[in-house]
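Everything below concerns the one structure shown next.
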Amino acid sequence: MEKHKQELFRYACYRVANVEDAEDILQDVYLRMLERGSEAAKVENLHAYVFRALVNACNSHALSPDFIPLTCAEVLDISEQPQSFEDEAPRIAALIDAMPEHTREAVRLKIFASMTFCDIAATLGFSETTAKRRYYEGLEYLRLKLNNTL
């Protein structure tokens with residue numbers, strides 16, 4: 001887990017758009033992994049297993065009543081250049097949240113976690129070809145969305 005700490009943290013930061021929340025979520029995932037030590041040792045692809053746990057934790061956080069994401073329209077209305085991660089992350093998260101559901105997680109894992117398509121496929125439970133297709137569909141959606149609003 002130490003080896004992938006940076007990519008796990010980066011994914012969580014962009015996913016929840018808040019550094020403190022990302023630290024808390026990642027810490028919780030680490031604690032759950034420690035509690036499941038013998039169970040985790042039996043997992044074939046531990047990297048995908050840990051990322052799946054992080055994806056699920058971030059999804060749970062997004063469902064909490066305290067989480068208030070920006071809408072895609074609010075993001076596109078902001079014309080100032082972001083000055084910090086705290087300014088940039090909610091805009092990026094809102095754009096990705098507006099994507100079709102089947103493409104979102106593939107884009108998040110590829111961009112925020114720097115995962116390979118093989119790792120994305122293992123994490124999300126589908127083929128590498130499907131991971132590639134969903135990623136490129138997501139990018140095309142973003143390109144069309146941004147071109148139509150500029």
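- The salt bridge (charged side-chain N to carboxylate O under 4.0 Å, His left out) search around Arg32 returns none, not counting sequence neighbours.
- Looking at residues two or more places apart in sequence or on another chain, you find a side chain to side chain donor-acceptor pair (under 3.5 Å) between Asn56 and Arg52.
- Residue pairs meeting the salt bridge (Lys or Arg N to Asp or Glu O under 4.0 Å) criterion with at least one partner in residues 107-116, sequence neighbours excluded, are Asp97-Arg108, Glu105-Arg108.
- Contact record, Val16 with Ala22: CG2-N, 3.8 Å, taken as the closest heavy-atom pair.
- Distance check: Leu31 CG to Leu26 CG gives 10.0 Å after rounding to the nearest 0.5 Å.
- Atom NZ in Lys132 sits 12.5 Å away from atom OH in Tyr135 (nearest 0.5 Å).
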- Should Met115 and His47 be marked as a side-chain contact (heavy atoms from CB on, under 4.5 Å) after you check the CA-CA gap, both sets of side-chain angles, and the distance that decides it? CA-CA 10 Å; Met115 291 180 95; His47 184 252; 3.5 Å; yes
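- We find the CD-CG distance between Glu7 and Leu109 to be 10.0 Å, quoted to the nearest 0.5 Å.
- Partners of Arg104 under the side chain to side chain donor-acceptor pair (under 3.5 Å) rule, at least two apart in sequence or in another chain, do not exist in this structure.
- Atoms CG and CD1, from Asn59 and Ile25 in turn, are 9.5 Å apart once rounded to the nearest 0.5 Å.
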Contacts table for residues 120-129: side-chain donor-acceptor under 3.5 angstrom, sequence neighbours left out:
from   : atom 1 : to     : atom 2 : distance (Å)
Thr123 : OG1    : Asp119 : O      : 2.8
Ser127 : OG     : Thr130 : N      : 3.1
Ser127 : OG     : Thr130 : OG1    : 2.9

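- Separation of atoms CZ (Arg10) and NE2 (His4) is listed at 12.0 Å; rounding is to 0.5 Å.
- Residues that satisfy the side chain to side chain donor-acceptor pair (under 3.5 Å) test with Asn45, not counting sequence neighbours, are absent from this structure.
- The ring-ring contact (aromatic ring centres under 6.0 Å, His included) check on Tyr11 picks up nothing, with sequence neighbours excluded.
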- Item | Steps toward side-chain contact (heavy atoms from CB on, under 4.5 Å) verdict (Val50, Leu54) | CA-CA 6 Å; Val50 172; Leu54 182 60; 5.6 Å; no
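- In terms of the ring-ring contact (aromatic ring centres under 6.0 Å, His included) criterion, residue partners of Phe112 (sequence neighbours excluded) are, by chain and number, Tyr14.
- At a threshold of 4.5 Å between non-hydrogen side-chain atoms, the residues Thr103 and Tyr141 do not count as touching.
- Contact detail for Gly138 and Val107: the closest heavy-atom pair is CA-CG2, 3.9 Å.
- Considering all non-hydrogen atoms of both residues, Ala12 and Cys58 come closest at CA-SG, 4.1 Å.
- Listed by chain and residue number, His102, Arg133 satisfy the side chain to side chain donor-acceptor pair (under 3.5 Å) test with Glu137 (two or more places apart in sequence, or in another chain).
- Scanning for salt bridge (charged side-chain N to carboxylate O under 4.0 Å, His left out) contacts around Glu23 gives an empty result, with sequence neighbours left out.
- Residues Ala131 and Phe117 approach most closely at CB-O, 3.7 Å, considering heavy atoms.
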